[in-house]
Peer 1: 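If you scroll down you'll find the structure; I have some questions about it.
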Amino acid sequence: MHINDLPVPDVYDLPDARGRFGEYGGIYVAETLMAALDELKQEYARAKADKAFMDEYRYELKHYVGRPSPIYHAKRWSEVLGGAQIYLKREDLNHTGAHKINNTIGQALLARRMGKKRVIAETGAGQHGVASATVAARYGMECVVYMGAEDVQRQAANVYRMKLMGATVVPVTSGSRTLKDALNEAMRDWVTNVDHTFYILGTAAGPHPYPMLVRDFQAVIGEESKVQMVEMAGRQPDVVVACVGGGSNAIGMFYPYIQVPGVRMIGVEAGGDGVETGRHAAPLSAGRPGVLHGNRTYLMQDAHGQIIETHSISAGLDYPGVGPEHSYLKDMGRVEYTAANDDEALAAFHELCRTEGIIPALESSHALAYAKRLAPTLPRDQIILVNLSGRGDKDIPTVAKLSGIEL
Amino acid sequence: MARIQTVFSRLKSQQKQALIPYITAGDPHPAATVGLMHALVAGGADIVELGVPFSDPMADGPVIQKASERALAHGVSLTSVLDMVRDFRRRDTETPVVLMGYANPVEAMGYEVFAKAASEAGVDGVLTVDLPPEEAAALSDTLKAHGLDPIFLLAPTTPDWRVAEVAKHAAGYVYYVSLKGVTGAATLDIDSVASKLAHLRGQLSLPIGVGFGIRDAASAQAVARIADSVIIGSRLVQEVEEHGADAAVRLTAFLREVRSAMDAARQ
Ligand SMILES: Cc1ncc(COP(=O)(O)O)c(C=O)c1O
């Protein structure tokens, strides 16, 4: 797409009062949860307008998470690729190793404000589970994390990390035993314990107000980037790239750029074995709109509206839905969505390790894979900013196994 | 008159309450469902709730989740559920059938196509668990245009202003969820249900059914004393899980026991 054709909106004030991003989003849950979501919406509106709340959130990001995360010019890798300059937003340097904690701090502070002493979370790779267990320990709350039984096996180190911080990890054996089923189970817990429990949802999906509040808490990524890019390069990037699972790191990066002219944005989904094989986790690239987990959005589903199993090398992208704001931005054309398959992500993972001494998360490696594809096609004075959403320590066993190495 | 309304006015004149059993369509296999539905009616069911299996039954406990998984393993879809209802109607033209399920299969089929097909198959009401009134206007209107009743849930957490919202869209009856939890959860607190129902009666003219946590004749009788109908699900699905297609006689016997306990409630 030519830069001048980018549909940059003059006004962007979404979601609306019903939690809608155009036709996407909304509140599709059983009646029992409606009152709790309403309460959350009201309390969040008050918190956002409360200087003391926002000051504490920013204080925690600075002193507990270590923000602002730096932007790093990956000169050697850019040189190898022989085209545009690649800059990395280093969310991997955050406490707990990913962007997830930006959101869990915000939601835990909300939970405390609402007097809820028990928090629950769903997790796939375990990053959001770890970030939730971390803040629960930090604020003295009980924490229960739901995790697909498959993922408990695949991500043993993260399970132990959560336990070290006092969380209870519940393996979920229903359905496909992965992230979507963990989300179902967390919702079931919430329905049952709604009076005293706060659900810390880990991505920019779910029923309103979650997609909005997760976006707002993650928007610090893009807000910092806007300032840092000017400091480092004297201008904003030409292209911004982020991986998309449920879409929280991507929307956190994209949201502050939506109304900035001349900035192309690209969300990269998990292509698995290849989008053409059907074995992937790329609803925006190859799905259809439908209703799941409380919102209307693009989904991976069969002809009868049953949700189908996803495939990805990265557990954090292994999700059949996507945050509703991405569905809106896709239809509007402001953000382009594409996919990188397992092999490409793995190749980018290794390349960043060797050329820059940075071990990226497999999720983030999908964004890197796209940058690797794009950079050589652009002139050397162009800038690609990649959101490096997390570090790859958690993925070392997976990568070693793929290389035939027993650790 | 619509079948559901007919049932409630007949029962009212008899001072009885409706017995509404639930089973998941296609569990344990698609060929068994119609027989099980007739078995429910033989046991005294006034209305049959038929669960449409979904891959992500967020509001259901383990018993109904597993029933859904068994049905889906046989390739059961919304289309095949409608075929089952059509088949049921060959022998039973009176007992109302209510489909209970999640939004996405209906979204995938399309509201208009679904409402027309459901009406032709002999469905009477549709309860879409994850479509609260805020999101349900379009589907409710389409259902009503085809003579189908949109059934809505009310919960212990529902504030008055939302009851008014539900009242705007609902028809047939409303389904009061007796507890905060998923289907198949622990037993209900009859006193709190009674006081909530008394409050709801002031705001709603539709009959009120109570479900979640009713597992035996005693709890059914207690609910029959305060509600217009008794809805039993997980307990029956468990029977199907344990005895497969052979559950038919057991379902009939169990419902007979429940039915007589309910009918004794007002004597
Ligand atoms: C490092 C990292 N990046 C990305 C994701 C994907 O989530 P989201 O799309 O919400 O950013 C995850 C999820 O676990 C993650 O751990």
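What you are looking at is a predicted structure, and each value in this text was computed from that prediction instead of being measured. Proteins come first, then strands; the chains are lettered A, B, ... in the order of their sequence lines, and each starts at number 1.
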Peer 1: Could you go through L78(B) and H304(A), starting from their C-alpha distance and side-chain angles, then the distance that decides it, and tell me whether this counts as side chain to side chain contact (heavy atoms under 4.5 Å, CB included)?
Peer 2: CA-CA 7 Å; L78(B) 184 52; H304(A) 299 290; over 6 Å; no

Peer 1: Which of the residues H293(A), M34(A), R296(A) is involved in the greatest number of heavy-atom pairs with chain B at under 4.5 angstrom?
Peer 2: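 Max contact count across the listed options: M34(A).
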
Peer 1: Roughly how far apart are D181(A) CG and D56(B) CG, rounded to 0.5 Å?
Peer 2: 6.0 Å

Peer 1: What distance do K180(B) atom NZ and W190(A) atom CH2 have between them, rounded to the nearest 0.5 Å?
Peer 2: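 Rounded to the nearest 0.5 Å, the NZ-CH2 separation comes out at 13.0 Å.
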
Peer 1: Where on A303(A) is there a heavy atom nearer than 4.5 Å to chain B: the side chain, the backbone, both, or neither?
Peer 2: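 For A303(A), backbone heavy atoms alone lie under 4.5 Å from chain B.
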
Peer 1: Against chain B, label L299(A) side chain, backbone, both or neither, depending on which of its atoms sit under 4.5 Å from a heavy atom there.
Peer 2: side chain

Peer 1: Let's go through I307(A) and F54(B) carefully: what are the C-alpha distance in whole Å and the side-chain angles of both, what is the deciding distance for side chain to side chain contact (heavy atoms under 4.5 Å, CB included) to 0.1 Å, and is it a yes or a no?
Peer 2: CA-CA 8 Å; I307(A) 306 308; F54(B) 181 51; 4.0 Å; yes

Peer 1: Show your reasoning for whether side chain to side chain contact (heavy atoms under 4.5 Å, CB included) applies to E185(A) and Q65(B).
Peer 2: CA-CA 11 Å; E185(A) 208 54 37; Q65(B) 286 171 41; 4.2 Å; yes

Peer 1: Output the distance between atom CD (E31(A)) and atom CG (L131(B)), rounded to the nearest 0.5 Å.
Peer 2: 12.0 Å

Peer 1: Go through the atoms of P53(B) and report whether side chain, backbone, both or neither lie under 4.5 Å from a heavy atom of chain A.
Peer 2: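 Contact with chain A involves the backbone of P53(B) alone.
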
Peer 1: Based on non-hydrogen pairs under 4.5 Å, which of L33(A), L292(A), D38(A) is most in contact with chain B?
Peer 2: L292(A)

Peer 1: Quick check for you: among P57(B), G61(B), P62(B), A185(B), which has the greatest number of heavy-atom pairs under 4.5 Å with chain A?
Peer 2: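 Looking at each of P57(B), G61(B), P62(B), A185(B) in turn, P57(B) comes out on top.
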
Peer 1: Any chance NZ of K144(B) has more than 12 other-residue heavy atoms, nucleotides or ligands included, within less than 6.0 Å?
Peer 2: yes

Peer 1: Between L154(B) and chain A, with a heavy-atom cut-off of 4.5 Å, which part of the residue counts as in contact: side chain, backbone, both or neither?
Peer 2: backbone

Peer 1: Indicate yes or no for a side-chain donor-acceptor contact from R188(A) to the backbone of D60(B) under 3.5 Å, with no hydrogens or angles considered.
Peer 2: yes

Peer 1: Contact part of T128(B) toward chain A, heavy-atom cut-off under 4.5 Å: side chain, backbone, both or neither?
Peer 2: neither

Peer 1: Using non-hydrogen atoms and a 4.5 Å limit, figure out which bit of D195(A) sits close to chain B: side chain, backbone, both or neither.
Peer 2: side chain

Peer 1: Which heavy atom of E69(B) sits nearest a heavy atom of G175(A), and at what distance?
Peer 2: OE2-N, 2.8 Å

Peer 1: Look only at the side chain of T157(B) and the backbone of T32(A), and say whether a donor-acceptor pair between them is shorter than 3.5 Å.
Peer 2: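 At least one qualifying donor-acceptor pair exists.
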
Peer 1: Return yes if some donor-acceptor pair links the side-chain N/O of N184(A) with the main-chain N/O of M58(B) below 3.5 Å, else return no.
Peer 2: no

Peer 1: Determine yes or no for a side-chain-to-main-chain donor-acceptor pair under 3.5 angstrom, with E135(B) supplying the side chain and I27(A) the backbone.
Peer 2: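 Checked: pair present.
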
Peer 1: Which heavy atom in A35(A) sits nearest to a heavy atom in P159(B), and how many Å separate them?
Peer 2: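 Residues A35(A) and P159(B), closest heavy atoms: CB-CD, 4.4 Å.
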
Peer 1: Is the number of heavy atoms from other residues, nucleotides or ligands within 6.0 Å of NZ (K41(A)) greater than 12?
Peer 2: yes

Peer 1: Has the side chain of E107(B) got a donor or acceptor atom that lies under 3.5 Å from a matching backbone atom of G305(A)?
Peer 2: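 Not a single qualifying donor-acceptor pair exists.
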
Peer 1: Please check this pair: side chain of Q306(A) against backbone of S55(B), looking for a donor-acceptor N/O pair closer than 3.5 Å.
Peer 2: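 Answer holds: yes.
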
Peer 1: Among the options R288(A), R18(A), K180(A), pick out the one with the most heavy-atom pairs lying under 4.5 Å from chain B.
Peer 2: K180(A)

Peer 1: Between D130(B) and Y28(A) (side chain of the first, backbone of the second, donor and acceptor by atom type, cut-off under 3.5 Å), is there such a pair?
Peer 2: no

